[in-house]
Amino acid sequence: MKTLAKTAVIFAVLVLCAVAFKIGYYEIGASRRQSRVTAEYSAFVPSTVRKSQPQTLSQTEKPTELLTLAFPERIVIYSAEESTGTPVGSTTEKPDLSDSVFVGDSVSLGFSRYCAKQGIMKETVFLTAGSYAVHYALSKSMAADKGFKHPIYKGKEMPLLKAVEEIKPKNIYFCLGINDISGFGVEGTVKNYCKLINSVWGVDPNIHIYIVSTTFMVEQAQKKNLNNLNLANLNHNMKLICLEDERLDYIDIMSGLQNEKYALDGKYCSDGFIHQGNGAYEIWAERLGAK
């Protein structure tokens with residue numbers, strides 16, 4: 001009788017241990033699965049709640065790794081079927097044009113000339129050059145055979161970062177990407193943009209950077225890689241990156257210039273390609289709050 005009771009107790013203990021082990025196994029497994037899903041989601045879609053606050057450094061302090069913008073592990077690319085072509089909205093309604101530098105290519109060069117004629121943005125330094133690109137802005141070369149020209153500052157060609165060191169602006173506006181897409185694709189252009197942002201913060205980590213939407217082109221002018229879908233994907237990813245840090249903002253100008261086919265409206269185009277006229281630049285000025 002005692003043997004039977006003892007056997008029953010041992011059996012009950014074994015059953016309880018098995019049940020406890022099984023519950024613990026599933027709880028650990030669920031926890032691991034949840035951690036993996038969270039990590040994958042974070043890598044795919046940058047979170048708007050992960051913005052870091054800008055840090056004010058004294059002249060004796062050096063930027064830390066916390067001030068470095070990391071290239072996203074995975075960027076978001078929409079296909080023609082997935083994308084509506086609708087430009088993404090701005091992250092701020094009031095861009096700060098005080099003590100600013102505006103960096104861009106030939107489209108931005110046209111805007112600088114418009115501003116000069118209209119007598120607006122007088123205190124903004126325009127560092128623009130025909131065919132300028134993100135990867136050119138990273139170059140420190142002054143060699144005559146480098147294949148491109150840096151913007152003109154104080155009457156002479158000057159690498160962008162050197163000009164930034166001299167000007168010491170509070171804000172920088174970048175409107176680039178058209179001349180990068182064909183050679184680097186969306187991902188390569190985004191990666192170079194991140195390098196450029198970090199290079200600027202290497203000069204001064206407190207500079208606020210605005211990414212201005214890259215302009216679409218008229219529908220019939222699209223090429224194999226230089227097309228509106230790639231430009232839309234570039235804009236989309238640059239906005240996601242701007243959500244990562246308080247020192248970054250994205251300015252949407254393109255939505256005011258597109259037609260129903262999500263291309264640059266012909267009435268705003270000056271050359272049947274991508275360059276623009278006064279009507280377009282009026283919208284630029286309005287969205288930038290230019291005075």
Side-chain angles (χ1 to χ4, degrees), residues 54 56-57 59 61-63 67-69 95-117 119-180 184 189-215 238 241-242 245 247-251 253 281 284-285 288-291:
T56 302
L57 303 181
Q59 292 183 351
E61 292 178 330
K62 293 182 179 180
L67 295 174
T68 301
L69 180 70
D96 185 357
L97 292 174
S98 63
D99 192 8
S100 297
V101 166
F102 199 105
V103 182
D105 48 36
S106 56
V107 177
S108 299
L109 176 60
F111 179 58
S112 71
R113 291 169 176 167
Y114 170 84
C115 289
K117 291 179 181 179
I120 57 177
M121 293 179 66
K122 293 180 181 180
E123 298 181 359
T124 298
V125 177
F126 283 92
L127 299 178
T128 56
S131 300
Y132 208 49
V134 178
H135 63 288
Y136 293 160
L138 285 167
S139 173
K140 298 179 181 179
S141 173
M142 281 299 297
D145 61 349
K146 62 184 176 298
F148 67 94
K149 289 187 177 296
H150 289 292
I152 303 298
Y153 179 61
K154 290 185 175 179
K156 62 180 181 181
E157 184 183 354
M158 185 178 295
L160 175 66
L161 296 177
K162 180 174 177 55
V164 170
E165 288 178 356
E166 290 198 16
I167 298 169
K168 296 179 174 59
K170 176 183 174 184
N171 308 292
I172 294 182
Y173 289 75
F174 283 116
C175 187
L176 298 166
I178 297 170
N179 300 301
D180 297 89
F184 292 88
T189 302
V190 171
K191 188 171 185 177
N192 282 334
Y193 238 136
C194 290
K195 290 180 181 178
L196 180 58
I197 290 168
N198 285 328
S199 296
V200 169
W201 284 341
V203 175
D204 181 351
N206 295 309
I207 292 177
H208 196 102
I209 296 175
Y210 293 87
I211 302 297
V212 180
S213 60
T214 302
T215 301
M238 290 313 299
I241 287 172
C242 286
D245 197 293
R247 297 165 296 168
L248 293 172
D249 271 302
Y250 177 84
I251 307 296
I253 291 177
Y281 292 135
W284 280 57
L288 288 168
K291 299 178 181 179

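Hydrogens, waters and symmetry mates are skipped; everything else that's a heavy atom, side chains included, is used. All residue numbers in this chain count up from 1 along the given sequence.
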| task | Taking the side chain as every heavy atom from C-beta outward, state whether Val164 and Val103 have any atom pair closer than 4.5 Å. | result | no
| said: Show, in sequence, the C-alpha distance, side-chain angles and deciding distance for Ser98 and Asn171, and conclude whether the side chain to side chain contact (heavy atoms under 4.5 Å, CB included) test is met. | reply: CA-CA 7 Å; Ser98 63; Asn171 308 292; 4.3 Å; yes
| Asn192 side chain to Val134 backbone, donor-acceptor under 3.5 Å | no
| field | Inter-residue atom distance Phe126.CZ - Ser112.OG, 0.5 Å rounding | value | 5.5 Å
| Out of Asp99, Asp249, Asp245, which residue meets the side chain to side chain donor-acceptor pair (under 3.5 Å) rule with His208? | Asp249
| Counting N and O atoms only, with roles assigned by atom type, does the side chain of Ser139 sit under 3.5 Å from a partner on the main chain of Ala137, one being a donor and the other an acceptor? | no
| request: Measure the CG-CD1 distance between Leu288 and Ile253 for me, rounded to the nearest 0.5 Å. | output: 4.5 Å
| At their closest point, which heavy atom of Pro169 faces which heavy atom of Val101, and how far apart are they? | CB-CG2, 3.7 Å
| note | Rounded to the nearest 0.5 Å, the CE atom of Met238 sits from the CG atom of Leu176 at a distance of 10.0 Å
| field | Nearest atoms (heavy-atom pairs only) where Leu161 meets Ser199 | value | CD1-CB, 3.7 Å
| remark: Taking every heavy atom of Ala285 against every heavy atom of Ile120, the minimum-distance pair comes out as CB-CD1, 3.9 Å
| task | Output, in order, the C-alpha distance, side-chain angles, deciding distance and verdict of side chain to side chain contact (heavy atoms under 4.5 Å, CB included) for Phe174 and Leu160. | result | CA-CA 11 Å; Phe174 283 116; Leu160 175 66; 3.7 Å; yes
| query | How about Lys146: does its NZ atom have over 12 heavy atoms from other parts shown lying under 6.0 Å from it? | reply | yes
| query | How many angstroms lie between CD in Glu157 and CZ in Phe148, if you round to the nearest 0.5 Å? | reply | 7.5 Å
| request: Grab the two heavy atoms, one from Ile241 and one from Leu248, that are nearest each other, plus how far apart they are. | output: O-CD1, 3.7 Å
| task | Report yes or no: does Asp105 contribute a side-chain atom to a donor-acceptor pair with the main-chain N or O of Gly177 at less than 3.5 Å? | result | no
| How long is the span from the NZ atom in Lys170 to the CG atom in Asp96, to the nearest 0.5 Å? | 4.0 Å
| Rounded to the nearest 0.5 Å, what separation is found between the CZ atom of Phe184 and the NZ atom of Lys191? | 11.0 Å
| field | Shortest non-hydrogen contact from Leu69 toward Cys194 | value | CD2-SG, 4.1 Å
| task | Measure up the Tyr132 and His150 rings against each other and bin them: parallel (under 30°), tilted (30 to 60°), perpendicular (over 60°). | result | perpendicular
| Qualifying residue, where the test is side-chain contact (heavy atoms from CB on, under 4.5 Å) with Phe102 and the options are Ile172, Thr124, Leu97 | Thr124
| field | Criterion side chain to side chain contact (heavy atoms under 4.5 Å, CB included) on Leu127 and Ile167, from CA distance to verdict | value | CA-CA 11 Å; Leu127 299 178; Ile167 298 169; 4.2 Å; yes
| request: Verify side chain to side chain contact (heavy atoms under 4.5 Å, CB included) between Ser108 and Trp284, making sure each step is shown before the conclusion. | output: CA-CA 10 Å; Ser108 299; Trp284 280 57; 4.1 Å; yes
| message | Restricting to non-hydrogen atoms, name the atom on Pro95 and the atom on Tyr173 that form the minimum distance, rounded to 0.1 Å. | response | CB-OH, 3.3 Å
